[in-house]
Amino acid sequence: MPRCRVCGNTSSFGSSRIPPPAQSANGPLSGLAGDFNGNEIVRTRSLGADKQVTTAALDNPAAFFDICLYCGSQEVDWGESPA
């Protein structure tokens, strides 16, 4: 399960590989966001990623989702979560 090492978020992540459609102070951190329930992606939001990239991210989420959408950290751990 993905987990932010800074804030502990386990549910909402973005991808540094997909830039946001427009850079702005209050804009999204990523052009692709995913909501997780454990290791399962329950929803994605694409703001600039095409279908091919979105499909690749769904097939290999650990390679794409590396930004915490709660605190902005890129310290995302994909290993086993602590008990």
Side-chain angles (χ1 to χ4, degrees):
M1 145 173 24
R3 181 181 175 280
C4 176
R5 293 182 194 143
V6 175
C7 73
N9 166 38
T10 59
S11 63
S12 191
F13 296 91
S15 177
S16 65
R17 295 174 67 174
I18 316 302
Q23 298 289 332
S24 69
N26 293 347
L29 295 173
S30 172
L32 180 65
D35 294 331
F36 289 79
N37 183 3
N39 284 329
E40 179 181 319
I41 299 174
V42 293
R43 179 176 56 177
T44 60
R45 295 175 305 284
S46 175
L47 302 168
D50 61 28
K51 186 172 182 161
Q52 183 178 12
V53 170
T54 302
T55 300
L58 291 171
D59 290 342
N60 190 6
F64 283 83
F65 295 102
D66 60 351
I67 299 174
C68 173
L69 293 182
Y70 287 176
C71 73
S73 169
Q74 286 189 297
E75 293 186 41
V76 177
D77 182 10
W78 277 87
E80 290 296 316
S81 61

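- Contact between A49 and I18 at its shortest, heavy atoms only, is CB-CG2, 3.8 Å.
- Clustering ILVMFWY residues whenever any of their side-chain heavy atoms sit less than 4.5 angstrom apart, transitively, puts L58 in the very cluster that holds V53.
- The distance from the OG1 atom of T44 to the CZ atom of F64 is 12.0 Å, given to the nearest 0.5 Å.
- Considering all non-hydrogen atoms of both residues, C68 and C71 come closest at SG-N, 3.4 Å.
- Closest approach of F36 and I41 over heavy atoms only: CE2-CG1, 3.3 Å.
- The SG atom of C4 sits 6.5 Å away from the CG atom of N9 when rounded to the nearest 0.5 Å.
- Note that CH2 of W78 and CE of M1 are 10.0 Å apart. Values are rounded to the nearest 0.5 Å.
- With R17 contributing its side chain and A63 its backbone, the two residues share a donor-acceptor pair below 3.5 Å.
- P61 is not listed as a side-chain neighbour of P2, based on a closest heavy-atom distance of 4.5 Å or more.
- A distance of 9.0 Å separates CG of N37 from OG of S11, quoted to the nearest 0.5 Å.
- S16 and D66 make their closest contact through OG-OD2, 2.6 Å (heavy atoms, listed as atom of the first residue, atom of the second, distance).
- Note that OG of S30 is 7.5 Å distant from CZ of F65, once rounded to the nearest 0.5 Å.
- The side-chain heavy atoms of D77 and E75, taken from C-beta on, include no pair separated by under 4.5 Å.
- L69 contributes atom CG, which lies 8.0 Å from atom CG of D35 (distance to the nearest 0.5 angstrom).
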